[in-house]
Chemist: 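I have a structure here, written as structure tokens, and I will follow up with some questions on it.
All values reported here derive from a predicted model rather than from experimental measurement. Numbered from 1 within each chain, the chains take letters A, B, ... in sequence-line order.
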Protein chains: 2
Amino acid sequence: MDPSRHSDALRAAQMYYLQDLTMDAIARELRTSRSTVSRLLSSARDSGLVQIQIRNPLDTGPELEGMIRRHYNVDVHVVPVLETLNEAETLDRVAMQAARTIGPIVDSNAIIGVAWGSTLSAVSRHLTRKITHDSVIVQLNGAGNMHTTGITYASDIMRRFGSAYGARVEQFPVPAFFDHAGTKTAMWNERSVQRILELQAKMSIAIFGVGSVDADYPSHVYAGGYLDESDLNILATSDVVGDVATVFFRGDGSSDGIVLNERSTGPSLAQLRQVRRRICVVSGESKINGLRGALTAGLATDLILDEATARRLVDFEGLAAASG
Amino acid sequence: MDPSRHSDALRAAQMYYLQDLTMDAIARELRTSRSTVSRLLSSARDSGLVQIQIRNPLDTGPELEGMIRRHYNVDVHVVPVLETLNEAETLDRVAMQAARTIGPIVDSNAIIGVAWGSTLSAVSRHLTRKITHDSVIVQLNGAGNMHTTGITYASDIMRRFGSAYGARVEQFPVPAFFDHAGTKTAMWNERSVQRILELQAKMSIAIFGVGSVDADYPSHVYAGGYLDESDLNILATSDVVGDVATVFFRGDGSSDGIVLNERSTGPSLAQLRQVRRRICVVSGESKINGLRGALTAGLATDLILDEATARRLVDFEGLAAASG
DNA sequence: GTCCGTTCTGCACGTTTGTGCATAGAGCTT
DNA sequence: AAGCTCTATGCACAAACGTGCAGAACGGAC
């Protein structure tokens, strides 16, 4: 881009946001039209030059947040949404706010693990640009299935993250689930795969949604041809409530003995918990069971969710009592 | 304040800044009028709920900044100001932008050393609120002189810092200069003084302007009855170019053998250099000599100054050559 | 209860801002 | 140089916004 335009954008942003001048005054100084200033500012905003963040003082925040925070020990961001909004609109709002909340967390030299799914897809569409150096986006779990290699869907998400943060993108070109655990073991010894696994092991940030087995609109994983009849039966009979990055867990947060996980390509829950910043984005009340499992399992350090779901989370089993 | 108003402000801020809704839409959701939303947002901004910051990518910044940064190894923020502005207006702009630049740097548990003077006074008037816990504002140097105890002037500055950040304020109730070095030695052994000195030793942030001996409008120190005729003579004959917190230095950054410093109450340059974040605010070209000395002495890690002064700093002795 | 002072609210108005559109200009090809 | 495409600009209009003001609501004091 024209460097002088960039520097004009910077000047304009400083004068507008830091000195409270009007666009008119800035235009006169920059010897251009007011509309150009308006556009400069908007480009400054979505190129990440201007960072706007909301910090809600932990202690004065609304009750909802406090309760969830105390009970699950996560940093909560409740997204206010009108109750009349439909599922898709809610997801869009949550995704938008999630994208902007993530922005300030991302920094240079970060290794960022990203899952895929409808939630992450929505988030990826709303990312605001922020220039970082030597960051890497690494895919958390494979995306292929019986019908497609899943490449385009997941890779679109990855690519958007990569270009928003100027980061290198490392895809994980394996199916979501192997048919045979043995194949996974073999692949995991391949050097091409190990490169990805090593990156994952060094992740400083992980971003994921949750799948919930009983969601009204089941996640891709449960509906998209990833699992066959017998797999679904296994899930149904093993108390599994949901998944994160195609790794399943029960309501109590445990995941031991769930055979499907041996064929899954996502990081184990234990490995995920090693990551310093683990950001979970959830939209839609019907994911509540999966969400509760994920929180109980301690998978998230940061939780971004819509207000209605937050409320249900609190209502559940008198969680409110824990706040007294 | 009404807690529900606070939480409304938070909701409004999230919807406005993070979801790009219009105030109108937010008003409908909050069941109030648009004007109320406008006011909620403005209260959210100046209560520090909304943080807006400009991060200019170090490598793409305008030439001016790059040159100064490389030469003096400081983080530079050049404040764009119209050249036609007068001294006072420039100071106001610089102070405003300085205040907002400082905001994001301040955090809980910080011990913040603050000097006094016309620059700091202006900055203190533009601070935006930000709630922190267990922060302390500590006065860097005494403010008393022959005519007044200096209490109100300096303490106003301190108080504003304190209330902006919700911090405890520790004043330093001594004169700016002792008449006799021996008195200083004695006082420095007083426990009440030692408490302040210990706080200063633990500072994580220091904020100060610079005085310049030859400034058009001399700093308070040189004009306000702090020094008598013979003191000024000493300064004139010892190559002193300026001061930071009433500690003097020469153009080459040295301060050894300047006798006045033995009676001054500010932290020694060596002590100041221990502080992790040292923010220097300068407005007005006539401070250029003092500024150059301070930078040469390595007193600042962050420099906020107006464009004209920045340009002069670069023009000086072909500093531009250093950028090639 | 009434009174008074303070704070909050919505309205109305003027100001400030975003954006579709037509045009000018830059860069590239032939 | 002419012709082309693509981007940036300014205009003009509509949308969004800030704020003085008058009235409503609140919270003591008596």
Chemist: Tell me whether A:Asp20 is salt-bridged to B:Arg100, with the criterion being a basic N under 4.0 Å from an acidic carboxylate O.
Modeler: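 A salt bridge is present here (some side-chain N lies under 4.0 Å from a carboxylate O).
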Chemist: Taking the side chain of B:Arg34 as its heavy atoms from C-beta onward, which of D:dC13, D:dG18, D:dG10 lies nearest to it?
Modeler: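 The closest nucleotide is D:dG18.
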Chemist: Measure CG/B:Leu30 against P/C:dC8 and give the value in whole Å, please.
Modeler: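 Spelled out: CG on B:Leu30 to P on C:dC8 is 16 Å.
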Chemist: State plainly whether the residues B:Arg312 and B:Asp315 are in salt-bridge range, i.e. N to O under 4.0 Å.
Modeler: no
Chemist: Check every strand shown and say whether B:Ser42 touches a base, only sugar-phosphate, or nothing at a heavy-atom separation below 4.0 Å.
Modeler: nothing
Chemist: Which pair of non-hydrogen atoms, one from A:Ala167 and one from A:Val136, has the smallest distance, and what is that distance?
Modeler: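 Answer, listing the atom of A:Ala167 first, then A:Val136: CB-N, 4.1 Å.
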Chemist: Grab the CG-C1' distance between B:Leu41 and D:dT19 for me, whole Å please.
Modeler: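 Rounded to the whole Å, the gap is 15 Å.
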Chemist: If each of A:Tyr16 and A:Arg39 is mapped to the nucleotide of DNA chain C with the nearest heavy atom, which maps nearer the 5' terminus, i.e. the 5' end?
Modeler: A:Tyr16
Chemist: Let me know the distance between CD1 of A:Ile26 and C1' of C:dT15, rounded to the nearest Å.
Modeler: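 Taking CD1 of A:Ile26 and C1' of C:dT15, I get 15 Å after rounding.
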Chemist: Regarding A:Ser38, tell me which of base, sugar-phosphate or nothing describes its non-hydrogen contacts under 4.0 Å with the strands shown.
Modeler: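 It contacts base atoms.
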Chemist: Under a 3.5 Å threshold, yes or no: a donor from one side chain and an acceptor from the other, between A:Gln19 and B:Gln97?
Modeler: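 Short answer, yes.
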Chemist: Using whole Å, what does the distance between atom C1' of nucleotide C:dT17 and atom OH of A:Tyr17 come to?
Modeler: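 Atom OH in A:Tyr17 sits about 11 Å away from atom C1' in C:dT17.
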Chemist: Please give, in whole Å, the distance from D:dA8 C1' to A:Leu40 CG?
Modeler: 10 Å
Chemist: Is it true that A:Arg11 and A:Asp8 have a side-chain N and a carboxylate O under 4.0 angstrom from each other?
Modeler: no
Chemist: Once you apply a heavy-atom cut-off of 4.0 Å, does B:Ser35 come out as touching a base, just sugar-phosphate, or nothing?
Modeler: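 The residue B:Ser35 makes base contact.
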Chemist: Between A:Met23 (CE) and D:dG10 (P), how many Å, whole number?
Modeler: 15 Å
Chemist: Rounding to a whole Å, what distance do you find between B:Asp20:CG and D:dA15:P?
Modeler: 18 Å
Chemist: Identify whether any heavy atom of A:Thr22 sits under 4.0 Å from a base atom; if not, whether one sits that close to sugar-phosphate; answer base, sugar-phosphate or nothing.
Modeler: sugar-phosphate
Chemist: How many Å lie between CG on A:Asp24 and C1' on D:dA12, as a whole number?
Modeler: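 Between C1' of D:dA12 and CG of A:Asp24: 15 Å.
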